[in-house]
Amino acid sequence: MNRDYTLDKVRNFGIIAHIDAGKTTTSERVLFYTGMTHKIGEVHEGETVTDWMDQERERGITITAAAITCFWNKTDTEKKPDSMYRFNIIDTPGHIDFTAEVKRSLRVLDGAVVVFDGVAGVEPQSETNWRYADDGNVPRICFINKLDRTGASFERSYASILDRLNKNAVRMQIPMGLEDKFEGVIDLLKMKAYFFEGNMGITIREEEIPAEFLEEAKKYRAELIEKIVEQDDKMMEAFLEGKEPSFEDLKKTLRKATLAVKIIPVFAGSALKNKGVQLVLDAVVDYLPSPVDMLPVCGLDPKTGEEIFRKPSDEEPFSALAFKLQNDPFVGQLTFFRVYSGTLEAGTYIYNSTTGEKERLGRIVRLQADKREEVKKVFSGEIAAAVGLKSAKTSHTLCDEDKPIILDPIKFVDPVVSLRIEPKTKADQEKMGMSLKKLGDEDPTFVISSNSETGESIISGMGELHLEIMVERLKREFGVEVNVGKPQVAYRETILGTAEAEHKYIKQTGGKGQYGHVKLTLKPLEKIEEGKKIPKNTHRYEDFEFIDSIKGGVIPQEFIPAVEKGVHEAMDRGIVAGYKMVNVSCELTYGSYHDVDSSEIAYKIAASQAFQDAAKRARPVILEPIMKVEAIMPEQFMGDITGSLSGKRGQIEGMDERGMLRVIHAKVPLSEMFGYTTDIRSMTQGRGSVQMEFDHYEVVPPNVATTIIESRK
């Protein structure tokens with residue numbers, strides 16, 4: 001079986017945005033216009049294809065990323081099979097609690113369409129998703145949606161992109177009219193007006209630009225041309241001499257600049273009113289990368305640790321990254337993977353280089369949200385799912401056993417909210433552990449742990465809604481009834497000062513005893529300057545470093561890892577209130593050993609004790625998660641909301657207008673924000689709303705720290 005399309009005709013992209021900006025509505029139009037569905041499903045009717053979970057349809061929000069495959073033929077080309085483009089699209093959630101879905105999707109996608117609400121412009125989660133795209137250097141185009149809404153402003157939304165996201169965004173289109181007068185869009189490169197008519201806007205009419213919009217279009221076209229020619233020296237020279245580049249040259253240069261993330265094209269429309277979506281699909285073809293445009297994927301050789309590369313080609317050895325697990329009630333576990341190189345056939349064996357295990361791949365399916373299409377073979381550049389793999393987890397590399405590679409894993413943020421959970425009956429108890437494990441495998445930001453002192457099970461996640469959905473899924477999908485406690489904050493501990501401590505662990509029992517002796521110095525962890533190399537004797541982690549400064553072998557090399565392990569365990573237990581410690585630099589400076597009695601366990605215990613002794617004297621403090629809060633309300637309630645946020649230890653950072661509404665930007669501790677959604681509704685007669693996302697950790701004030709310590713006793 002061979003590929004029935006060329007790799008340059010593939011586009012792997014995600015649709016990302018803040019909650020309620022219209023991602024799913026846009027995705028439904030994409031499915032309709034590409035012929036994958038014959039009826040558009042609406043979010044408000046609970047009939048969408050990509051929001052297929054019951055909880056998604058009930059709440060009208062996206063919870064899990066849905067993968068869809070479809071074909072698109074550009075609006076200005078003849079409908080021939082060889083001019084079709086294959087789209088692998090992931091519709092991602094916009095709520096901060098499900099941010100892991102965006103993070104892992106962007107890791108395996110080549111491009112992104114970022115959707116903005118034409119009234120609100122850039123919102124908090126728009127910024128977070130944009131940051132994730134920046135981290136992966138993902139090329140993107142913007143779609144300012146909902147221009148039919150009351151209060152919509154293309155210019156204000158565009159200005160918010162320039163101001164808060166990227167100065168290199170540039171208008172490709174402008175709308176003709178706004179709100180109920182929104183008729184269509186003007187393409188500034190072609191200088192044509194487009195109207196969308198017929199059933200669901202499927203017929204596109206190209207016209208000359210109406211006279212009332214002509215001057216505005218000329219002005220913004222000049223800005224666009226200037227931005228494009230800046231990217232090419234020869235083109236710039238010719239332009240300064242008064243020669244305007246050809247349409248083809250402008251498009252070619254714009255594509256190159258978009259792929260390099262030097263320009264971000266911005267489009268306009270209204271997905272709900274079926275205006276502008278087809279032209280965004282054309283832009284995906286014109287400006288977003290195919291797998292061929294991407295650099296070869298880089299990984300490590302598991303045997304030598306050296307960097308190796310795989311080109312996006314069917315001829316290369318097979319390599320793929322598992323980026324998502326999903327439990328399917330009909331076929332069992334689905335492992336979503338992106339193929340970076342080579343091909344894979346159903347019925348063959350697959351090698352997991354992360355675990356070193358090999359297992360038979362029974363079936364491969366291509367996803368259409370919750371529906372599956374079985375395929376015999378997948379090629380480089382494709383996204384598919386394997387049925388029934390037992391050892392594969394999120395971030396594992398699947399590859400050719402003879403030419404192994406380990407690809408960079410996906411990094412996820414730590415959970416910030418916890419709940420105590422217990423089964424209602426003995427039957428539930430037996431099922432709960434297995435069900436929680438399956439949910440934890442699916443979502444790396446959903447963490448299950450147990451309190452060794454009380455024996456309680458604790459679930460942690462990204463927010464109240466995240467945990468609420470997981471508890472609901474336990475009941476609906478796995479039939480497990482549980483009782484839950486109050487939400488708890490994931491506090492952390494750290495040190496603000498420097499201290500050293502020495503500890504000898506000696507135990508004589510008549511025969512072989514135990515002997516471990518270490519001296520440690522602790523200090524706050526400093527950030528490493530960009531480009532600066534980490535010394536060989538330093539093990540650097542995200543929030544901890546261990547420095548081995550032993551000279552002359554006073555502690556034999558084989559016991560050093562045990563010392564580090566003892567320090568890790570002490571950090572996990574905490575010093576002040578039993579919370580995990582972060583941002584600590586620990587240096588092993590001295591020690592001794594006994595020829596007969598020294599052992600790994602002795603050094604581990606000695607290191608743990610020395611760490612605790614030093615940490616207690618290094619000004620230990622508790623850290624709490626601080627949330628970036630955006631409260632939206634009518635003007636008459638601003639005073640009440642400002643007062644309530646200040647009363648919650650919040651810092652008001654600014655205020656602005658959004659149409660007829662007012663917006664307050666603040667930083668507030670998470671512990672103060674539980675249930676605030678209900679509070680703001682009652683304070684504003686149901687007309688206000690609040691959105692939050694994690695921002696940073698900050699030292700807890702002494703009076704609050706005392707309360708936290710008392711509650712932990």
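Note that the structure is a prediction, hence the values are computed from the model and not measured.
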A side-chain contact here means heavy atoms from C-beta on lying under 4.5 Å apart; do [X] and [Y] qualify?
{"X": "Y349", "Y": "E401", "answer": "no"}
{"X": "I383", "Y": "L109", "answer": "yes"}
{"X": "V482", "Y": "D428", "answer": "no"}

* Asked: Quick one: is the NZ or CZ of R338 closer than 6.0 Å to the six-membered ring centre of Y340, and within 45° of its axis?
  -> yes

* Asked: Thinking salt bridges, do D548 and K536 make one under a 4.0 Å N-O criterion?
  -> no

* Charged N to carboxylate O below 4.0 Å: is that the case for E600 and K604? -> no

Can any side-chain N or O of [X] pair as donor or acceptor with the backbone N or O of [Y] at less than 3.5 Å?
{"X": "T538", "Y": "I547", "result": "no"}
{"X": "T26", "Y": "A271", "result": "no"}
{"X": "N352", "Y": "E357", "result": "no"}
{"X": "Q333", "Y": "L389", "result": "yes"}
{"X": "R255", "Y": "D286", "result": "yes"}
{"X": "D572", "Y": "E569", "result": "no"}
{"X": "S353", "Y": "I405", "result": "yes"}
{"X": "D314", "Y": "S380", "result": "yes"}

* **Stepwise salt bridge (charged side-chain N to carboxylate O under 4.0 Å, His left out) test for R131 and D135** => CA-CA 6 Å; R131 198 166 62 244; D135 291 345; 5.6 Å; no

* To do: Assess whether salt bridge (charged side-chain N to carboxylate O under 4.0 Å, His left out) is satisfied between R140 and D134, documenting all intermediate values.
  => CA-CA 10 Å; R140 66 215 85 146; D134 278 343; 2.9 Å; yes

* To do: List in chain and number order the residues that pass ring pair (Phe, Tyr, Trp, His ring centres under 6.0 Å) with F13, two or more places apart in sequence or in another chain; answer none if no residue qualifies.
  => F87

* Structure fact -> For S608 and A570, the nearest pair of non-hydrogen atoms, with its separation, is OG-CB, 3.7 Å

* Asked: Parallel, tilted or perpendicular: which fits the ring planes of F544 and Y541, with parallel below 30° and perpendicular above 60°?
  -> parallel

* Between F546 and H539, how do the two ring planes meet: parallel, tilted or perpendicular, split at 30° and 60°? -> tilted

* Asked: Does atom NZ of K403 have more than 12 heavy-atom neighbours from other groups under 6.0 Å away?
  -> no

